[in-house]
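Structure first, then comments.
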Amino acid sequence: MEPDPDVKLEKIRSKFISTSGPVPPKPTPNARQNVSGDSTESTPRPKPKTKSKSIFAQRMAQKAENKKGGSSTRLSSSNVDITAHDKMAMEIQTLMQNIGVISANETVTSGDIIKMRENMMKSMNRSSLEFLKGRGSKKDIQRVKTDSNEKCEPGSMAKISKTESETQARSEPDIGKNVVENLPLSLQVKGVPHMNSLEIPKLEWTMNPDDDFGKGETPTTVPGDIQARFDLNGSLMDPKVSSDSTWLQGLHHHGDEMDKPGYTFEELLIYARSTTVSQRGFALHALAGIFKNSHEGVYDAALSINPLNLLTNVDVISVIRKSLDFDDMVTLDASFACLADVMFPTTEEECYDIVYLFPNAKPFLWHKVTNVNRDVVKDPATRDHQILTMDLLLFFIERSHLLDRIEYLLVDRPERVSQAVEINILRVLIRIARHSPDILLQSSRTLDRVCKIVMTGNWSAISAASGARSSGTDVVKNNPVAISVWLALKTFRVLVESSLENCSLVHSRYDIMPFILTYLATDYRYGLQSSSHAKLVILESFRFWCSSLDLGFGISEFNTIFPVLAINLRHFCDADALKNIVGFDGYYLAHLFHFLRCILHCGERGFEGIPTPTSAWSMVKDMEFFVLTITMNVLQILTANREDWALAVAGKGLEFLTTALKLGQLEHRKSAIMEHVRHLDLSDVTHSLQQHSIILNMSKIRSRYPSNYVSSSAILTSTEFTFHYGCSKCAIKYPSAFSLHSLQSRYDFIPWTVKANRTKVDPSSSRRYSKNPADLKKFLPLVIQETRSCLYFMQFLLLESIFTSSGDLISCYIHITQIFSMGEDVFLEPSIELLLGNILKLLVSLLEATFGKEPKPFTSFKPGPGLEHVATFKDYYGELVKEFESVSYCSNIFSAYLLLPLIPTESRETKLLFWSMQGLQFVRLELNNRLIPPDYLTTEVETDRALLQLYTILLVKTSTINRNNNELLFHVLDYHVTRGLPVEDMQKVMKLIVTICYGNILQDWNNLIPGF
Amino acid sequence: MNVPPSFDTFLLPEGQPKIEAIPETNVANACKFIFHREDHTIGCLVRAQLLKNPKVLFAGYKTNNPFESQVIVRVQTVGGYAPIDAMKEAINDLLCELAWVHEQFQQETSEFLIKNGGCVPPPIPSTIGTPDGTPLGSVDRAPSDSVDRASSGSI
């Protein structure tokens, strides 16, 4: 029975689709052979291969069998006896054959192909042609349908067959990759398929006829073009998504690659200059999304080049800048969003805000632009692209009149500035303030307007904004008024942080403090719980005030706010309240502690014009109890709760307590604090903090500006800079600073070793310092400051008896004596000398208590972690002795430290190193010096004969040591020789003295041996 | 690698003083002397000579790096006696002492040669010699001179 033609054709089609997706496979040789003899006889044919027949071929063979015996012309293409569908199928089959033959035969020339194609065109039915054309994607079918009305010309067919052969050639290697191709885009690591063929003529109509672009010139050349298409939000388009699914999203277009939806980067740049408002709007919006995603590293896996790298291109920048000059609100909105997303990486700014919470991080966050010569920038001979390679922000500030434009918009055309534009402008201003605060301060009209934002955005406005939207669930978080106020405050904070002059300028020009007080005085626990941005205003107010306090401004306002803060603090003292604490409360407390500490610091430093005993200090003192209670409670829960806020509260609380401790206000509570802190597993705590602090350092999260852009990534990569400002140490400093502050001072073991490594301990870096005196001179203040801090910390550790074992004490000794090898500039500095003296006294008492009768404690010491550069103590001591000989200037401190290991139980080698040095006469310590008591060296009589002989020689034969200059040494030698030397040796000594007959020595000897 | 050229160890750059004196700011009556293009030979000698002076409280020397041909001598003296004076005195004493050593050496050599019937070598121009006999400041010239002499003798 004859099968239904429709079903048959459907099966054929399904067969095509099932074997190789949308592209039909080549006909198998068997099928070709079955029908070839009748259709095109002139064509040379390859020999049939013995291969199992495909279903299609079997069907065709079966059909041929059925028709056998009938008229042979029935199989011809022009026969009308068979049904139309049958005929069509046969025609297709023939065509496939021919294509297969053409592609298989390598000797066929292009002329032959065209000829054959002409023949085929003539012989083929239009409907067959239509089917063939439409056998790809639906989009192709549509295209063919539109074309089918026209006459099929040879040229157009050439195009079709070309694409056919291309798709076939492409499909062949892909057959095995079907599984891979069906996977989502994310598997494609680099290089999204090339989809950026730009058709300028198609875009010409968008241009202004007066513009050059409209005249067919290539408008934008982007080197290293981004080979991808983006949707309207800047997300990457999946290359396999067809236009159909994105039709409604407006991503289809009528270019060459109309089956591939989305827009290329270049297209977006052109649309951003379109004369049509909506085109500009969507293009800028998409560009903003692209830059935002680039900062967050969204494209890292897919694109070989980061779009941010294109910011050095003048064309790209000029598109962004020119878009700011359009007057309609849609473009303004989109263009400022784009500019803000270029300049203001949200992640990085969040990082700054988080890190602000932690000690010691603040000064190192932003690279001060001092190395850029602004005269060069102002010079008209300097080209734009040269400035762009130097510094992107500088270009915007110096060359593009960006600040003028912002000023015009904010001040002269405020009706044009919507809330969103205002927010984006503020984001831009924050970045400019970080980059060039002085220049921003010059544009006073802009800042007046920013100040007005702070003033008008009071709580009632913020509450109204949050209340108005409170009906929704998610929109509550978006409080534009609060965001504006927050960003405006942040702008001022950045300006205040920049320098003392700027700070005083801001405070004299703008009266912000009353508004800060208003924000802080509000009891945030009522009414504003839902709006996170409103809470940001509170935190930012704290930050602004703290930054001002750091420079001595805003101290008098504290009296006003004190009651509110006290009430809030007291609220959290309750243990139950601490259980119910949420993230924001934690950050609030942390900021509050930081604020209180700033007040204390302010008093400590005694700024000009502020009377030292202010009532503020006594008030802070009253708050100590609250802080102590809260910190203790938080420390107790810290082991279980490792959230950021808990760490922040604990860190800031301990920091405050540390300051209070240092100022002597908490003396009676010290042991209680220490008890808590000591029980903390600090390494564990700091580890999680480190996780957090690394945020600036981690490649996945950190900002992705090109290195010419001044930002944290630039700082982190620039080694010279890190050495000077220690910014890359931010990540190291920041956890360690926590543990340091939690103990007492700024430095812990971690930075101690880090810093020691950086300065002297590490052999490679130590040479850098000592070898080059200019280097040391350059960094001397920094080195002295760090050393002082380290010593403070060591002193504290010794005071609190945290070192108990002899190993700890000896490693402490080695750490401290490394300061001597840093040169006389460091250890002769009065404050360091004083500290070294204090530490020495502590060390002496501890060593006396610890060692007792332990034999050779120093010689048997094995250097632990942090002292890898010290092989043995003997080697180290030898170097120290050499250092003493060459740089000590008879320093009493150095001499005393050198004498420290010479306890009676110490090995002979160590003692020999000291007593045989040439610079022994430089040890000019008196007997009753306050550094090292004589008893420390004379608890036991020396029994070693070789040493005793050496002592005798030193005393008698040479005049190296005499009673007048080296009183202590003389006493020690005298003690050992008179008591330790055997009788027979003593007689020899007598003879020696008589023979030598040196007057002064004889005098000494007379005293030494009574009756001589 | 980073080894400086060999002439860098003795050839003083034009315009650079041989000795620089840097007063210490932290210590009274103390001064740092930098001897350019010198090494332990001079450092040790000067230091030893300085220490013979009872008015010198401290005298130490140090080379920052073996590749850096400079010696830093630190001197501290008693009040009323400047370190520069001490240094001048020490150098003068050293010159005298070395001249005396040189003279003695010459004398002994000539006596030895006369005794043994040899001829007296021509006197070396009166430069100050280092302890090993090499004239100061002519380290590079000494070997070539001897070669010249040897070759002329053979002719």
Side-chain angles (χ1 to χ4, degrees), chain A residues 760 763-777 780 784 820-834 836 879-895 898 917-925 958-962 964-966 1000, chain B residues 1-4 8 16 19-36 38-40 42-79 81-83 86-87:
Chain A
K760 193 61 192 173
S764 59
S765 60
S766 75
R767 274 193 207 113
R768 190 172 59 205
Y769 254 8
S770 62
K771 206 171 55 174
N772 194 349
D775 250 16
L776 184 65
K777 210 158 224 170
L780 192 63
I784 286 178
F820 294 117
S821 53
M822 287 163 74
E824 69 275 8
D825 285 331
V826 179
F827 72 83
L828 288 177
E829 212 271 333
S831 62
I832 289 184
E833 216 171 0
L834 192 72
L836 281 171
E879 281 182 24
L880 201 64
V881 165
K882 272 187 203 163
E883 206 67 32
F884 177 79
E885 281 180 293
S886 58
V887 300
S888 69
Y889 285 119
C890 307
S891 160
N892 281 349
I893 296 280
F894 201 165
S895 316
L898 215 54
M917 76 167 169
Q918 289 178 323
L920 209 55
Q921 53 178 308
F922 305 145
V923 185
R924 289 168 180 259
L925 284 168
T958 68
S959 60
T960 315
I961 292 174
N962 58 62
N964 295 332
N965 291 335
N966 322 97
N1000 54 348
Chain B
M1 298 289 279
N2 54 351
V3 185
D8 207 33
Q16 189 178 28
I19 306 177
E20 270 181 70
I22 303 166
E24 280 289 345
T25 49
N26 286 328
V27 192
N29 257 8
C31 191
K32 204 167 17 177
F33 296 94
I34 302 177
F35 287 68
H36 291 287
E38 291 298 344
D39 56 5
H40 289 277
I42 285 293
C44 191
L45 266 177
V46 170
R47 175 181 175 275
Q49 189 60 38
L50 279 166
L51 282 179
K52 285 179 191 166
N53 189 341
K55 288 179 186 172
V56 172
L57 294 177
F58 177 83
Y61 83 97
K62 189 177 180 177
T63 55
N64 281 332
N65 188 286
F67 284 158
E68 244 175 61
S69 49
Q70 63 174 28
V71 187
I72 301 170
V73 182
R74 290 175 176 77
V75 187
Q76 187 189 2
T77 53
V78 294
Y81 182 66
M87 179 58 81

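Each chain gets a letter, A, B and so on, in the order the sequences are listed, and its residues count up from 1. Only heavy atoms go into these numbers, but all of them, side chains included; no hydrogens, no water, no symmetry mates.
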message: Any carboxylate oxygen within less than 4.0 angstrom of a Lys/Arg side-chain nitrogen, looking at A:Glu824 and B:Lys32?
response: yes
query: Say you draw a straight line from CG of A:Asn965 to CG of B:Leu57; how long is it, rounded to the nearest 0.5 Å?
result: 8.0 Å
query: How about B:Leu51 and A:Phe922: do any of their side-chain heavy atoms sit closer than 4.5 Å?
result: yes
message: For the CD atom on A:Gln918, are there more than 12 heavy atoms of other groups (residues, nucleotides or ligands in this structure) within a distance under 6.0 Å?
response: no
query: Atom OH in A:Tyr889, atom CZ in B:Arg74: separation rounded to 0.5 Å?
result: 5.5 Å
query: Is there a side-chain contact between A:Glu833 and B:Asn26, using heavy atoms and a 4.5 Å cut-off?
result: no
B:Val75 portion near chain A, given a 4.5 angstrom heavy-atom threshold: backbone
- prompt: Less than 4.5 Å apart, any side-chain heavy atom of B:Tyr61 and any of A:Ser886?
  reply: no
statement: Rounding to 0.5 Å, atoms CD (B:Gln76) and OG (A:Ser888) come to a distance of 8.5 Å
message: Does any part of the side chain of A:Lys882, heavy atoms only, come nearer than 4.5 Å to the side chain of B:Lys62, both counted from C-beta?
response: no
message: Run the ring pair (Phe, Tyr, Trp, His ring centres under 6.0 Å) test against A:Phe827 and tell me which residues pass, sequence neighbours left out.
response: A:Phe820, A:Phe894
